[in-house]
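These notes concern the structure reproduced below.
All values below come from the heavy atoms of this structure, side chains included, with hydrogens, waters and symmetry mates left out. Chain letters run A, B, ... following the sequence lines, proteins first, then strands; residues in each count from 1.
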2 protein chains.
Amino acid sequence: MTTIREIAELCGVSVATVSRVFNRPLTVSREKREVVERVARELDYRPNESARALASRRSGLIGLVWDTDHRRPGWRHPYLQELLIGLKTALSAHGYHLLMLATSGSAALRAVGASLADPVAYVNMTRRHHLGGLVLIDSGKDGPAFTAFAQSGLPCVAVDVVVSGDRATYVTSDNVGGAREAVRHLVEAGHRRIATITGPPANSPAADRLAGFRTAMAEAGLDVPDDHVVTGDFHRGSGQDAMRRLIALPSPPTAVFCASDEMAVGALLAARHAGLRVPDDVALVGFDDIELAALVDPPLTTLAQDKAGIGAAAAHAILTMVHNGQTPPPAVLPTRLIPRASSRARR
Amino acid sequence: MTTIREIAELCGVSVATVSRVFNRPLTVSREKREVVERVARELDYRPNESARALASRRSGLIGLVWDTDHRRPGWRHPYLQELLIGLKTALSAHGYHLLMLATSGSAALRAVGASLADPVAYVNMTRRHHLGGLVLIDSGKDGPAFTAFAQSGLPCVAVDVVVSGDRATYVTSDNVGGAREAVRHLVEAGHRRIATITGPPANSPAADRLAGFRTAMAEAGLDVPDDHVVTGDFHRGSGQDAMRRLIALPSPPTAVFCASDEMAVGALLAARHAGLRVPDDVALVGFDDIELAALVDPPLTTLAQDKAGIGAAAAHAILTMVHNGQTPPPAVLPTRLIPRASSRARR
DNA sequence: CTGAAAGCGCTTACAG
DNA sequence: CTGAAAGCGCTTACAG
């Protein structure tokens, strides 16, 4: 590989000038700049990124924390692939690469004496590699670790976890708004006894969806008996279990808002099993708009999250911090109601 | 951050000795080693990776080329998330991070004068960042670029693309074997007129699945008329189109082997549309075992690929090259027949 | 086993 | 606008 020194010698300038041509071209006279650029092109010069990072303490890399431990089902969420793509694409467009950090169970972590979801390990990796900052994707129960990392002062943006700190922000969907829209949609379809299957209480989107549900029910003047709120874990099995309990109620709901499509699919199976017709006996609305939602029978009404948009928003947030030193406010992306047969209006 | 120098001073040894303690501990006397280790721990020392990479020309990073250009549908394949997880997990376990390289349409690429899927760009990135090597995932038509990169002499392992070169190898499923098993399964179920819907001819797994199909048909003494081989593109729509053509044939097949589950789902829709019952009027077998396969009605018989296993095999192959300097032979992972209702034996 | 020294390839005040 | 120089923090022959 050609180095800055060879170019400098060939052009009869100092290495400092060559360096400036690549980093702050406007501080170099036009003649010298053009010579350097031409020679660099001819020699197919590529800056050595390790050397740049060492000297400048900046790396052109953004770190990604996405714990894929096999004991945790969270990472399998189909949502994440599109989010990752949105993130990577937006970073790429600005010339940044995405470093997927070794996480739990890894030798790298053990070497630094760290355990699962250890914020200290994140800080170390960020420093060691001179990362511009970190994007944190929650695959289940990383919330507390993320919150702790956000205090470190290193730039970070969390997805679906509320964090605060000088250089910390987060990106999420408008979960409250989406849940309200779900309820309004069901009310318009003629429902009054509407139940909900929630996500894990400690999960922020889950909590927001429940809050939105309650708000909208209150706005509609509808009551929410305690047994009409059943806690799930976002996954299919829990939706199925929850639905069975709702069906068994003395006065079962005529509609159920599920905080995820996976749970709604589970609820659908439970309803079918119990001999109930959807939507005639019980209407269902999910959340996420995963591919499966459109493919089940009947197709599932849901609130679409802008998955790629969330990834892109995370990218923009972290780049804003890296470039401007400014911490952008949390980004809350709108959801979109996708009406399908599972909540068709009652005749 | 503490540096090697501070530790050296505190311990009364040279920086060379400190460096050795971390890199080749056995070349240092036990007393000195223990002192250095203790002090390092007390000071929470972390080596600066940029400096290490610059001095040693090695980085502890493996690059990943996975083109996610939005014009290309390939990256959406549900297969890829599990593959990525398998890859990352195995690398993590050995202390390596995974660098997702900025690809097409990115400023980074334009800056180096490169275009979509440019092997030269890959070489540059590998050198600039001192990457141990590259893992190449094909999202559609990167085959030629991967083949070219493999000639560069830099360590690389391609997924589902046959490459050759001093330091190049690949990982793939046993596509020939899987296709043969599919055919044998259908033959056992009583079928004689078996058609196939293939993937893109230039795609190596697609070609292998077709070859396996033809071999097994020949072994069973069955004829394959030209119009019983229809070309698709792995995606759902093409499966649907292809199935329509098969149904319209004067003597339509009683069973169809589809080279991907997505196409099999398309074929299922086409069959249903035409009023045909699956499996009674026409049996279907797919390939991949994506989640959807088990969820359609009837559930789809398919050949499962070991997605995470492929990712892990890719990780091991690249690490073998990085550590031992040896180039492992191509890894061909077995597939597994998952019999479901779509190919139930005829009564 | 250990240290002094050179070197990895770049950036960045500083002085002019 | 430009150059000389120091420095980023580590690794690695080399000599002992």
Side-chain angles (χ1 to χ4, degrees), chain A residues 1-37 39-40 43-61 111-112 124-132 322, chain B residues 1-37 39-40 43-61 111-112 124-132 322:
Chain A
M1 302 272 285
T2 353
T3 71
I4 219 180
R5 242 190 79 202
E6 304 176 42
I7 297 181
E9 282 167 9
L10 250 52
C11 297
V13 301
S14 71
V15 295
T17 298
V18 177
S19 173
R20 287 190 194 103
V21 167
F22 296 117
N23 295 306
R24 326 160 143 275
L26 298 181
T27 68
V28 179
S29 71
R30 199 156 64 89
E31 306 98 273
K32 304 220 185 215
R33 198 194 324 145
E34 285 173 353
V35 179
V36 169
E37 281 169 347
V39 172
L43 270 56
D44 195 36
Y45 167 73
R46 310 290 169 199
N48 179 316
E49 297 296 341
S50 303
R52 294 188 75 183
L54 177 60
S56 69
R57 300 147 173 293
R58 285 182 265 102
S59 78
L61 305 184
V112 299
N124 285 332
M125 296 195 203
T126 306
R127 294 240 166 84
R128 288 169 63 145
H129 290 277
H130 298 297
L131 304 180
V322 171
Chain B
M1 303 273 284
T2 355
T3 70
I4 218 180
R5 243 191 78 203
E6 303 176 43
I7 296 181
E9 282 167 8
L10 250 52
C11 297
V13 301
S14 71
V15 295
T17 297
V18 178
S19 173
R20 286 191 194 102
V21 168
F22 296 117
N23 295 306
R24 326 161 142 276
L26 298 181
T27 68
V28 178
S29 70
R30 198 156 65 90
E31 306 97 275
K32 303 222 186 215
R33 198 192 327 144
E34 284 173 354
V35 180
V36 169
E37 281 170 347
V39 172
L43 268 55
D44 195 37
Y45 167 73
R46 309 291 170 198
N48 179 316
E49 297 296 341
S50 303
R52 295 189 75 183
L54 177 60
S56 69
R57 299 146 175 293
R58 285 182 266 101
S59 77
L61 305 183
V112 297
N124 285 331
M125 295 193 202
T126 306
R127 294 240 166 83
R128 289 168 63 146
H129 290 278
H130 297 296
L131 304 180
V322 170

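Contact record, A:C11 with A:V36: SG-CA, 3.9 Å, taken as the closest heavy-atom pair. What you find for B:S59 and B:H130 is that their closest heavy atoms are OG-O, 2.8 Å. Of all heavy-atom pairs spanning B:I4 and B:Y45, the tightest one is N-CE1, 3.9 Å. Nearest heavy atoms, B:A53 versus A:S50: CB-OG, 3.4 Å.
Contacts of residues 15-31 of chain B with DNA chain D (heavy atom under 4.0 Å): B:A16, B:S19, B:R20, B:N23.
Note: A:N48 CG to B:R57 CZ = 8.0 Å, rounded to the nearest 0.5 Å. Distance check, rounded to the nearest 0.5 Å: CG of A:N124 to CD of B:E49 gives 10.5 Å. Separation of atoms CZ (B:R33) and CZ (B:R20) is listed at 13.5 Å; rounding is to 0.5 Å. Atoms CG and OG1, from A:L10 and A:T2 in turn, are 10.0 Å apart once rounded to the nearest 0.5 Å.
Of the residues near DNA chain C, B:A51 and A:A55, the one whose nearest nucleotide (by heavy atom distance) lies more toward the 5' end is B:A51. Comparing B:G12 and A:P47 against DNA chain C, the residue whose closest nucleotide sits nearer the 5' end is B:G12.
Comparing the P positions of D:dG9 and D:dA13 gives a spacing of 23 Å, expressed to the nearest Å. Comparing the P positions of D:dT2 and D:dA6 gives a spacing of 22 Å, expressed to the nearest Å.
Scanning DNA chain D 5' to 3' for nucleotides with an atom closer than 4.0 angstrom to a non-hydrogen atom of chain B gives a first and last hit of D:dG9 to D:dA13.
Side chains of B:L26 and B:R24 form no contact here, defined as non-hydrogen atoms less than 4.5 Å apart.
Shown are B:T27, B:V35, B:V28; of these, the side chain to side chain contact (heavy atoms under 4.5 Å, CB included) with B:T17 is made only by B:V28.
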Q: Using the side chain to side chain contact (heavy atoms under 4.5 Å, CB included) rule, take B:E37 and B:V21 through it: C-alpha gap first, then chi angles, then the decisive distance, then the call.
A: CA-CA 8 Å; B:E37 281 170 347; B:V21 168; 3.8 Å; yes
Q.
Could you write out DNA chain C as dot-bracket? Rules: Watson-Crick or G-U wobble, both distances under 3.5 Å, brackets [ ] for crossings, | for pairs with another strand, dot for unpaired.
A. |||.||||||||.|||
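Residue contacts shown for B:R33 are absent, as no nucleic acid heavy atom lies under 4.0 Å away.
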